[in-house]
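For the numbers below, each heavy atom of this structure counts, side chains included, while hydrogens, waters and symmetry mates do not. Keep in mind it's a predicted model, so treat the numbers as computed, not measured. Indexing begins at 1, ligand by ligand and atom by atom, following the structure's order. We count residues from 1, following the sequence as given.
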Amino acid sequence: MSNGKFYITTPIYYPSAKLHIGHTYCTVATDAMARYMRMRGYDVMFLTGTDEHGQKIEQKAREAGVTPQQFVDNIVDGPRGIRDLWKLMNISNDRFIRTTDDYHVEAIQKIFKKMYEKGDIYKGKYKGKYCTPCESFWTETQLVDGKCPDCGREVVDAEEEAYFFRLSKYADRVQALLETPGFLEPASRVNEMINNFIKPGLEDLCVSRTSFTWGVPVDFDPGHVVYVWIDALSNYITALGYMNEKYDDFEKYWPADVHFVGKEIVRFHSIIWPAMLMSMELPMPKKIYGHGWLNFNGEKMSKSRGNVVDPYILAERYGVDTLRFFLLREFPFGSDGNFTNELLISRINIDLANSLGNLVSRTVAMIEKYFGGVLPAARAADPMDDELIAMAGALRGIYQQQMDKFAFQNAIVEVFKVLGRANKYIDETMPWMLAKDEANRPRLASVMYNLLETIRICTILLKPIIPDSCEKIFAQIGAGAELTTWDSAAVFGSMPAEAAVKKGEAVFPRIDVEKELAALNELTTVQEEPKEEVPVKPQIAFDEFDKVEMRVCKILECENVKKSKKLLRFKLDDGSAQPRQILSGIAEFYKPEELVGKTVAAVVNLAPRKMMGLESNGMLISAEAKDRCHLLMLDDAIPAGSILC
Ligand code: ME8
């Protein structure tokens with residue numbers, strides 16, 4: 001059975017830090033949609049990945065003392081990294097793209113050139129601020145109190161040569177696209193885009209930089225790297241093989257049926273991305289869906305605020321399906337939601353443990369108890385059954401209407417209405433009373449069968465949300481593969497009359513609310529200041545290390561370097577005849593006079609370097625703590641010139 005293709009994507013994540021539950025939200029939703037469409041018989045392509053270039057990553061890597069590539073490798077592929085997280089969350093992506101993959105880099109260069117040759121990319125000047133001593137280019141927003149964020153000195157107006165994309169040329173076509181019903185959803189986001197970005201006038205976009213290097217190089221103009229959003233957005237086509245040889249299904253899957261994205265990046269996806277595609281003369285994606293944000297206890301989730309919820313902790317404690325279910329059941333996909341520990345626990349108990357888990361275990365237990373696990377064929381229907389049968393029979397159609405609108409919450413609510421009706425049906429039919437009289441066996445068998453069928457249909461429809469748990473339920477109610485398909489969910493009465501069940505463990509055990517809440521609150525507070533994983537630099541061989549000569553030195557003189565807030569100039573006795581001059585950027589932390597006479601350590605065979613016109617011959621060894629730098633002081637009894645080894 002094939003219904004055609006369905007190409008769905010998540011945003012590709014910045015590996016600048018570990019992912020939190022907010023990131024997990026979108027990927028779980030995309031996964032549920034991909035599973036739903038596969039179940040419907042579509043040929044699905046589900047793409048996710050990582051967006052690994054840009055100045056932010058370059059800076060973070062520098063801070064961690066590793067190369068940008070090592071930095072991103074660790075977050076993407078390292079332990080408890082992004083790939084591990086998606087495996088844990090049972091994400092069924094068909095492809096995973098990293099923007100550092102060779103084929104992508106090569107394709108970006110070709111895409112950039114194509115747009116350039118078309119005349120849509122041209123060279124101009126990018127205006128910004130410049131810190132002369134640091135040789136750094138900054139944008140207005142990067143400045144701290146109007147000064148250089150690195151050294152705190154005054155900056156000057158400056159221009160940097162850069163390439164620009166003629167976004168303005170496509171303004172009218174982009175506006176028409178935005179106004180096309182169904183292109184951007186929820187519809188409320190359309191006016192926001194038009195009023196905030198199109199109406200004030202679309203300016204051309206700066207699409208290359210020369211002030212940092214961690215990006216895709218513009219191959220026809222060395223020194224320029226491609227703007228990270230041009231690089232990132234193109235992942236949706238390079239991952240299908242556009243302008244590269246790695247894959248060959250661009251024709252088959254493009255245009256995307258839907259890009260799922262968070263609300264703050266709707267602008268890039270609904271304005272810049274279409275304009276790029278117009279320039280490349282490619283078809284537009286069919287839909288952009290901007291989902292809401294998950295807040296935590298009423299605040300935006302962010303690492304700096306210390307309220308990040310770790311998906312590993314929650315999934316390991318409550319189970320992957322429980323977390324998947326909670327994310328999609330609790331929050332309407334298109335709006336913001338507020339994550340609290342209380343909500344999580346009560347949702348587990350109300351829906352999963354009570355309505356679903358309990359219904360399954362009660363039904364299976366009753367069939368075992370009253371019929372030894374196998375229903376007899378004789379039946380006795382009753383008008384009391386009609387409502388449940390009608391509801392379960394109509395459920396697939398109602399669910400489909402909601403899922404087709406990406407209304408995961410509503411779709412799940414519809415399933416739970418039917419499960420709730422089934423629980424009520426048990427109270428109404430009172431199987432324990434029927435079981436008292438042998439003459440009621442056909443009637444009791446009907447009640448049990450109706451319950452099994454209702455559970456089966458509901459479980460099929462929950463498969464995209466909680467796949468593993470559904471398999472466990474199917475095993476307990478004795479539903480073989482042919483009874484778990486989309487088609488079979490439309491027909492009440494598909495199970496054989498002599499259905500056989502098999503008792504298993506409770507699929508969703510109830511949670512002790514008070515105990516769990518206390519434990520969870522503690523866990524999420526411990527998470528408040530998550531320690532960043534700082535990767536260790538790659539290993540070196542002993543003879544490489546042995547090339548470094550470190551000596552004990554006595555500080556003979558020390559003074560501030562003129563016009564520099566950072567630098568101190570040292571004259572050192574390193575045991576040789578001539579005093580050694582070293583410059584060190586620790587002026588903020590020490591007064592020169594307090595250092596004279598101290599015994600310190602220095603690397604003495606470092607190639608000389610000029611700073612502020614003065615030559616520095618080596619490097620003083622100091623320790624960089626969080627907010628200051630500590631010069632390493634040694635025992636004064638150690639003679640100058642002693643070798644550190
Ligand atoms: O934006 N609730 O990457 P990213 C819901 N690399 N969604 C959240 C969230 C929260 N609390 N926090 C983050 C990028 N997200 C780019 C994308 S696509 C070509 C490039 C969502 O790692 C956020 O809205 O910063 C975004 O959609 C996604 O996580 C990735 O964010």
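Considering only heavy atoms from C-beta on, Leu177 comes within 4.5 Å of Met284 through its side chain.
Partner Arg209 forms a side-chain hydrogen bond (donor to acceptor under 3.5 Å, both in side chains) with one of Glu160, Gln55, His224 and no other, that one being Glu160.
Checked against the 6.0 Å centroid criterion, the rings of Tyr236 and His259 qualify as a close aromatic pair.
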Present, as a list of atom pairs with distances to 0.1 Å, all nitrogen or oxygen contacts under 3.5 Å between ligand 1 and the protein.
| unit_1 | atom_1 | unit_2 | atom_2 | d |
| --- | --- | --- | --- | --- |
| ligand 1 | 2 (N) | Leu294 | N | 2.8 |
| ligand 1 | 6 (N) | Ile12 | O | 2.7 |
| ligand 1 | 6 (N) | Asp51 | OD2 | 2.6 |
| ligand 1 | 7 (N) | Gly22 | O | 3.3 |
| ligand 1 | 11 (N) | Leu294 | O | 3.0 |
| ligand 1 | 22 (O) | Tyr14 | N | 2.9 |
| ligand 1 | 24 (O) | Glu264 | OE1 | 2.8 |
| ligand 1 | 24 (O) | Glu264 | OE2 | 3.0 |
| ligand 1 | 27 (O) | Gly262 | N | 2.9 |

Open item on the list: Working note: Tyr227 + Tyr163, criterion ring pair (Phe, Tyr, Trp, His ring centres under 6.0 Å); need CA distance, chi angles, decisive distance, verdict.
Closed with: CA-CA 9 Å; Tyr227 174 48; Tyr163 286 95; over 10 Å; no
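With sequence neighbours left out, Tyr312 forms a ring-ring contact (aromatic ring centres under 6.0 Å, His included) with no residue at all.
Here the side chain of Arg329 pairs no donor or acceptor atom with the backbone of Val413 at under 3.5 angstrom.
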